[in-house]
Amino acid sequence: MTSDPAPDGEAPVYLGRFLWLRAADEGWWEPAVRPGQRVAAGQVLGTVSSLDGAQVLQSVTAPAPGVPMFITSSPAVAANGLLLGLGAQ
């Protein structure tokens, strides 16, 4: 394997672990990032709001720098529902 830049001009990111991020409560999931986007530790990845949108219940942040590998596409999530998989460095 070479260290050639990725097609978008960025160097490849090597990921060493996979983190599953879940909703603390049921609600409405709104991601703030997209799959494949590099994120920093502490960066907001999205929010879970009450079903009527009146209150943000959870701000989901990256526990480590990495890349979201997938993001749940359904906005309605259950308590402990899977929100995204983060490939972490």
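Keep in mind that the numbers below use all heavy atoms, side chains included, and drop hydrogens, waters and symmetry copies. In what follows, residues are counted from 1 in the order of the sequence shown.
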Sorted by chain and residue number, the side chain to side chain contact (heavy atoms under 4.5 Å, CB included) partners of Ala54 (sequence neighbours excluded) come out as Ser50, Asp52

When you compare the side chain of Pro63 with that of Leu19, does any pair of heavy atoms fall below 4.5 Å? yes

Residues pairing under ring-ring contact (aromatic ring centres under 6.0 Å, His included) where one sits in residues 30-57, two or more places apart or in two chains, turn out to be none

For residues 65-82, which side-chain donor-acceptor pairs fall under 3.5 Å, sequence neighbours excluded?
unit_1	atom_1	unit_2	atom_2	d
Thr72	OG1	Leu82	O	2.7
Thr72	OG1	Leu83	O	3.1
Ser74	OG	Ala76	O	3.3

Residue pairs passing the ring-ring contact (aromatic ring centres under 6.0 Å, His included) test with at least one member in residues 47-69, sequence neighbours excluded, are none

Taken in chain and number order and not counting sequence neighbours, the residues that satisfy side chain to side chain donor-acceptor pair (under 3.5 Å) with Arg34 are Gln37

**Message:** Can you confirm whether more than 12 heavy atoms, excluding those of Glu26, are under 6.0 Å from its CD atom?
**Reply:** no

Value for CZ (Arg38) from CD (Gln43), rounded to nearest 0.5 Å, stands at 12.5 Å

- prompt: Linking I/L/V/M/F/W/Y whenever any side-chain heavy atoms sit under 4.5 Å apart, do Leu15 and Phe18 land together?
  reply: yes

Scanning both residues in full, the closest heavy-atom pair of Leu86 with Ala64 reads CD2-O, 3.7 Å

In terms of heavy-atom contacts, Asp25 and Leu57 come closest through CB-CD1, 4.3 Å

Applied to residues 27-62, the ring-ring contact (aromatic ring centres under 6.0 Å, His included) test, sequence neighbours excluded, yields none

One should read off an interatomic distance between Arg22 CZ and Leu84 CG, to the nearest 0.5 angstrom, of 11.0 Å

